[in-house]
Amino acid sequence: MAWKTIDDMDFAGKRALVRVDINVPVENGVVTDTTRIERIVPTVTDIQAKGGKVILMAHFGRPKGQVVPKMSLEIIAPTVADVLGLPITWVNSDYGQAVAEMEGDEVMLLENLRFNPGEEKNDAGFANRLAGLGDIYVNDAFSAAHRAHASTEAIARLLPACAGRLMAEELHALEKALGTPDRPVVAVVGGAKVSTKLDLLGNLVGKVDHLVIGGGMANTFLAAQGMDVGKSLCEHDLADTARDILGKAKAAGCEIILPRDIVVAREFAAGAANETVAPDACPADAMILDAGPATVAYIAEVLESAKTLVWNGPLGAFEIAPFDTATNAAAAKAAALSKAGRLTSVAGGGDTVAALNQAGVAADFTYISTAGGAFLEWMEGKELPGVAALQTD
Ligand code: ADP
Ligand code: MG
């Protein structure tokens, strides 16, 4: 995979159309988390430092091709100005004229792209109109790259295109984790259900040396091997699929690591009375809510000799203590090894990022992807249209 970055482009006197992800949470008109805006700062400042003008293009919410006032980017514009420390002009009409009148370090923010039905249809006409506003296209929205939209795919084929800083950082981290990783590679896949992660498991067994299966989905694998999982979350209808995955892993030389001990409780509640038992000893009236200490010890041992870790999905019901114990302990181990320079660790997924933050170790991971769906599709081995459109060979 090869793509151009900001360093490869000459921005002097040019207008850069920059696709960003500033789809931030807003409550009562106030932005409650500015993380996504903070992450676009290097791209904006570097383009300006190279003499370019910045025109930001973004989506906000799911207006489905219609103008929905509460999803106007006008709401977010002041926060973008604050975080960037630059004057922002939000525009919802006469884009061409507004762009022609841009002055100094002023940054233009176009109205929510998804107000136009052409955006999500990857419409050539809409992409052409956007392309007409600039000289260079910069995609800094990895998290939107799994969708072929006018502002992520079609436009990249109309203008000289490159990856923004955040996109380049994300692609670099992901390439290092699963493209050409240092081995052994360990993947940890947890979370609620096997059904949402079938493609992901299928792709990983052919790529990694050790695959830890945890969380609710491990129950499906235990049940598929004939164990009684009591009242646990379990997809019994996927027993054949689980056995297929085990067979595929064996053929590929991938070690599957299932819970060696389990933490069971009678209710799904914080502080619920619980006990640690063998995987085949879940009482009929109990449910498995976490992996036990023997499992964590073995995961730690595998991580000790690993060079690369990719992680998606918590090992237990991490939202309710003490069923966050295995997730926290494995995360702490991975973080310590990463901090010591012994492990390249990449993690992603909505709940996974929340769990690692809750464990207080996110900062020590090599890379935490906040891309959600795009991260998962990448872990599934799928080509991301927005990334493919940037590729130069
Ligand atoms: P991500 O968002 O990182 O991709 P998922 O959405 O797949 O992760 O999984 C997270 C969810 O899995 C959490 O809500 C967590 O409570 C749930 N979970 C993990 N282990 C279990 C379990 N043993 N029983 C029930 N739910 C579980
Ligand atoms: Mg989730």
Side-chain angles (χ1 to χ4, degrees), residues 25 143 146 174 177 187-201 203-204 211-224 227-236 238 242 257-272 274-277 279 281-283 285-292 295-296 299 309-331 334 345-359 361-362 365 367-380 382:
S143 52
H146 58 314
L174 300 190
V188 172
V189 180
K193 291 180 169 182
V194 174
S195 53
T196 61
K197 298 194 178 168
L198 279 178
D199 291 344
L200 195 148
L201 293 168
N203 182 44
L204 290 178
L211 173 59
V212 176
I213 299 177
M217 67 169 61
N219 304 340
T220 301
F221 281 84
L222 296 178
M227 294 179 213
D228 185 352
V229 296
K231 291 200 153 56
S232 302
L233 176 66
C234 179
E235 293 168 289
H236 291 284
L238 288 181
I257 301 168
L258 285 165
R260 297 184 162 203
D261 52 352
I262 53 176
V263 180
V264 300
R266 264 92 187 163
E267 49 171 346
F268 191 92
N274 62 85
E275 54 190 310
T276 300
V277 299
C282 180
D285 63 344
M287 58 199 149
I288 306 168
L289 291 182
D290 200 10
T295 309
V296 172
I299 294 171
L309 166 69
V310 256
W311 187 335
N312 168 258
L315 295 175
F318 77 99
E319 298 96 333
I320 46 171
F323 309 106
D324 56 350
T325 307
T327 301
N328 290 348
S345 53
V346 173
D351 291 291
T352 309
V353 176
L356 297 180
N357 281 327
Q358 188 178 302
V361 298
F365 269 64
Y367 193 76
I368 302 271
S369 172
T370 51
F375 177 81
L376 289 176
E377 289 201 20
W378 165 81
M379 266 185 96
E380 290 167 0
K382 292 188 179 141

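Whatever order the structure lists ligands and atoms in, that order sets their numbers, starting from 1.
- Checking side-chain atoms of T352 against main-chain N and O of G313 turns up a donor-acceptor pair under 3.5 Å.
- Not a single donor-acceptor pair under 3.5 Å links the side chain of N203 to the backbone N or O of D199.
- Polar contact check, F318 against ligand 1: no nitrogen or oxygen pair lies under 3.5 Å apart.
- Set against the non-hydrogen atoms of N312, the atoms of ligand 1 under 4.0 Å away are 1 (P), 3 (O), 4 (O).
- For atom 2 (O) of ligand 1, the nearest non-hydrogen atom from the set I320, D351, T352 comes from D351.
- Of all atoms in ligand 1, listed by their number and element, those nearer than 4.0 Å to a heavy atom of A317 are 16 (O), 19 (C), 20 (N), 21 (C).
- Shown in contact with G350 at under 4.0 Å from a heavy atom are these atoms of ligand 1, numbered in order with element: 2 (O), 3 (O).
- Distances from the Mg ion (ligand 2) to each N, O or S atom of D351 single out OD2 as the nearest.
- At the top of the distance list for atom 19 (C) of ligand 1, counting protein heavy atoms only, stands G316 O, 3.1 Å.
- Atom 27 (C) of ligand 1 has its closest protein heavy atom at G216 N, 4.1 Å.
- The closest protein non-hydrogen atom to atom 9 (O) of ligand 1 is G191 CA, 3.1 Å.
- Polar contact check, E319 against ligand 1: a nitrogen or oxygen pair lies under 3.5 Å apart.
- Each of the following atoms of ligand 1 lies closer than 4.0 Å to a heavy atom of G349: 3 (O).
- For the residue pair D261 / T276, no side-chain donor-acceptor distance below 3.5 Å is found, with atom types taken as modelled.
- Considering backbone and side-chain N/O atoms, T196 never comes within less than 3.5 Å of an N/O atom of ligand 1.
- No donor-acceptor distance shorter than 3.5 angstrom exists from the side chain of K193 to the backbone of L233, with no hydrogens or angles considered.
- Within the 3.5 Å criterion, the main-chain N or O of F318 finds no donor-acceptor partner in the side chain of T327.
- Considering backbone and side-chain atoms together, A192 places an N or O closer than 3.5 Å to an N or O of ligand 1.
- Residue-to-ligand polar distances keep N219 apart from ligand 1: every N/O pair is separated by 3.5 Å or more.
- Put simply, the side chain of N219 never gets that close to the backbone of C234: no donor and acceptor are under 3.5 Å apart.
- Put simply, the residue from L258, L204, V188 that forms a side-chain contact (heavy atoms from CB on, under 4.5 Å) with L211 is L204.
- Within the listing of ligand 1, atoms 8 (O), 9 (O), 10 (C) sit less than 4.0 angstrom from a heavy atom of P314.
- A salt bridge links R266 to E275: one of the charged nitrogens lies within less than 4.0 Å of a carboxylate oxygen.
- Side-chain atoms of S232 come within 3.5 Å of backbone N or O of I288 as a donor-acceptor pair.
- For the atom pair CZ (F365) and CH2 (W311), the distance works out to 5.5 Å, reported to the nearest 0.5 Å.
- With a heavy-atom cut-off of 4.0 Å, L233 touches ligand 1 through its side chain alone.
- Q358 places no side-chain N or O within 3.5 Å of a backbone atom of E319 that could act as its donor or acceptor partner.
- Taking only nitrogen or oxygen atoms, main chain and side chain alike, I288 reaches within less than 3.5 Å of ligand 1.
- Within the structure, ligand 1 has K197 among the residues with a heavy atom less than 4.0 angstrom away.
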